[in-house]
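Take a look at the structure set out below.
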Amino acid sequence: MASVATATTLGKNPAQGSLARPSLVSVGTIVWLSSELMFFAALFAIYFTIRSVSTEWPPKETVLNTKFDGFITVILVLSSVTCQAGVFAAEERRIRRSGPLVKFWRWGLREWLVLTFIMGAIFVGGQIFEYTNYVRENFNTGGGMTISSSAYGSIFYLATGFHALHVSGGLVAFVFLLARLQRGRFTPEKLTSTIVVSYYWHFVDVVWIVIFTVVYLVPQPGK
Amino acid sequence: MKTEGLLFAGCAVFFAATDVVYWFLSHDPTGTTALALAVALAFLMGFYLFVTGRRTGMRPEDRPDAEISEAAGEYGFFSPHSWWPLFTAASVGTVAMGVIFAWWLAILGMMFVITTAMGFVLEYYRGVHTP
């Protein structure tokens, strides 16, 4: 029972560090997210390197469904908005909704988190759906884009796949956060966790906007 | 926090300048991309430190006349001891092994990762620790 003392101090921590100091958790999250940027930098570097040495870009057989992926991109971007709405609710200590489910302006953090989770899950599901389509494209002729079919296929699945893994990690974080919200009262730590999970979600969202722009919207041939 | 913000903003400016020079001297897409993202890395931290610094105001370490006792107080919650990080790390190792050797091992490891991460995250939210 040595840690009972820590349990009693749990509630005293201010949400964003003490009065004149930022929260260690927030600063750590930002530092980690900037290192994550360098992880994606490697993927972008692979993409641009392969593109610069290819004669045609993207390869002729590539059929990206920009319309469908644009649709799930919009869903992911909107999920950032709902996530932020949840943070605003949490800052006003509105954890549960204070009205019927249809009145979304009375929603608390939990409702916004669940909606964000559903939208993120739609994005990941849409990505998997598109992957199966790309792999099966021209299935009868033996074509289709797989991770080993071409250099383009490799970097396409690596870049979008690692991003989809990050989104899935965010979904797990939402589940953990919701589980913690179920336990005990709303302590300042939970507000900090909510804020840093939202940082992560916005980060993943911005990274996807860049990947989507680079891979889907500007695939002009390389030199 | 202005000093830290300026340090990182300075890094961002430096990387941006080197990026442009690098591109015109080498026309190498790999390094140019890496440097461009390094600008984003430094900018993200600099931006965060500036914004947070404006919100929290001057910390004791920003003032020359501050007393050491002013920095006292709660710094956050630190677990006194926990076995979960060990098991989480072992599970992540299992996933990495699975990616190399066999996919079934990766899937099994992924289940371990989720279970141990659950223990890691929720350790102080159950039993006597429930806030």
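Throughout, protein chains are lettered first and strands after them, A, B, ... in sequence-line order, and every chain is numbered starting at 1. Just so you know, these numbers come straight off a predicted model, no measurement behind them.
With values rounded to the nearest 0.5 angstrom, A:Thr187 atom OG1 is found 4.5 Å from B:Tyr125 atom OH. How far OH of B:Tyr124 is from CZ of A:Arg183: 15.0 Å, rounded to the nearest 0.5 Å.
The local environment of CZ in B:Phe8 is sparse, with at most 12 non-hydrogen atoms from other residues, nucleotides or ligands closer than 6.0 Å. Dense packing is recorded around CZ of A:Phe39, with more than 12 heavy atoms of other residues, nucleotides or ligands lying under 6.0 Å away. Atom CZ of B:Phe47 is surrounded by 12 or fewer heavy atoms from other residues, nucleotides or ligands within 6.0 Å. Crowding of B:Leu86 atom CG: a count of heavy atoms from other residues, nucleotides or ligands under 6.0 Å exceeding 12. The local environment of CH2 in A:Trp32 is crowded, with over 12 non-hydrogen atoms from other residues, nucleotides or ligands closer than 6.0 Å. Counting heavy-atom neighbours within 6.0 Å of B:Arg126 CZ, excluding the residue itself, gives a total of 12 or less. No more than 12 heavy atoms of other residues, nucleotides or ligands sit less than 6.0 Å from atom CZ of A:Phe162.
The parts of B:Ala71 that come within reach of chain A are both its backbone and its side chain, each placing non-hydrogen atoms under 4.5 angstrom from that chain. In this structure, no portion of A:Val25 lies under 4.5 Å from any heavy atom of chain B. When heavy atoms are compared at a cutoff of 4.5 Å, A:Leu177 does not approach chain B at all.
In this structure, B:Met45 and A:Val31 approach most closely via the heavy-atom pair SD-CG2, 3.7 Å. Closest heavy-atom contact between B:Met1 and A:Pro22: CE-CG, 3.6 Å. For B:Leu41 against A:Leu37, the heavy-atom pair with the smallest separation is N-CD1, 3.7 Å. Residue B:Thr33 comes nearest to A:Ala45 through the heavy atom pair CG2-N, 3.7 Å, listed as atom of the first residue, atom of the second, then distance. When all heavy atoms of A:Ser52 and B:Pro29 are compared, the closest pair comes out as OG-CG, 3.5 Å.
Of the listed residues A:Gly184, A:Ser34, A:Ser193, A:Ala179, the one with more heavy-atom pairs under 4.5 angstrom with chain B than any other is A:Ser34. Among A:Phe203, A:Phe48, A:Phe40, the residue making the largest number of heavy-atom pairs under 4.5 Å with chain B is A:Phe48. Interface summary for chain B: among A:Ile30, A:Val210, A:Val175, the most heavy-atom pairs under 4.5 angstrom belong to A:Ile30.
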Contacts under 3.5 angstrom, residues 82-92 of chain A side chains, donor-acceptor by atom type, not counting sequence neighbours:
residue, atom, partner, partner atom, Å
A:Thr82, OG1, A:Ser79, O, 2.8
A:Thr82, OG1, A:Thr116, OG1, 2.9
A:Gln84, OE1, A:His202, NE2, 2.7
A:Glu92, OE1, A:Arg94, NE, 3.2
A:Glu92, OE1, A:Arg94, NH2, 3.0

Contacts under 3.5 angstrom, residues 93-109 of chain B side chains, donor-acceptor by atom type, not counting sequence neighbours:
residue, atom, partner, partner atom, Å
B:Thr94, OG1, B:Ala90, O, 2.8

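Contacts between residues 112-123 of chain B and chain A, defined by a heavy-atom separation under 4.5 Å, are made by B:Ile114, B:Ala117, B:Met118, B:Val121, B:Leu122.
Qualifying side-chain contact (heavy atoms from CB on, under 4.5 Å) partners for B:Ala36, counting only residues two or more places apart in sequence or in other chains: B:Asp19.
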Test side-chain contact (heavy atoms from CB on, under 4.5 Å) applied to A:Val27 and B:Tyr48, step by step
CA-CA 8 Å; A:Val27 177; B:Tyr48 174 77; 3.9 Å; yes

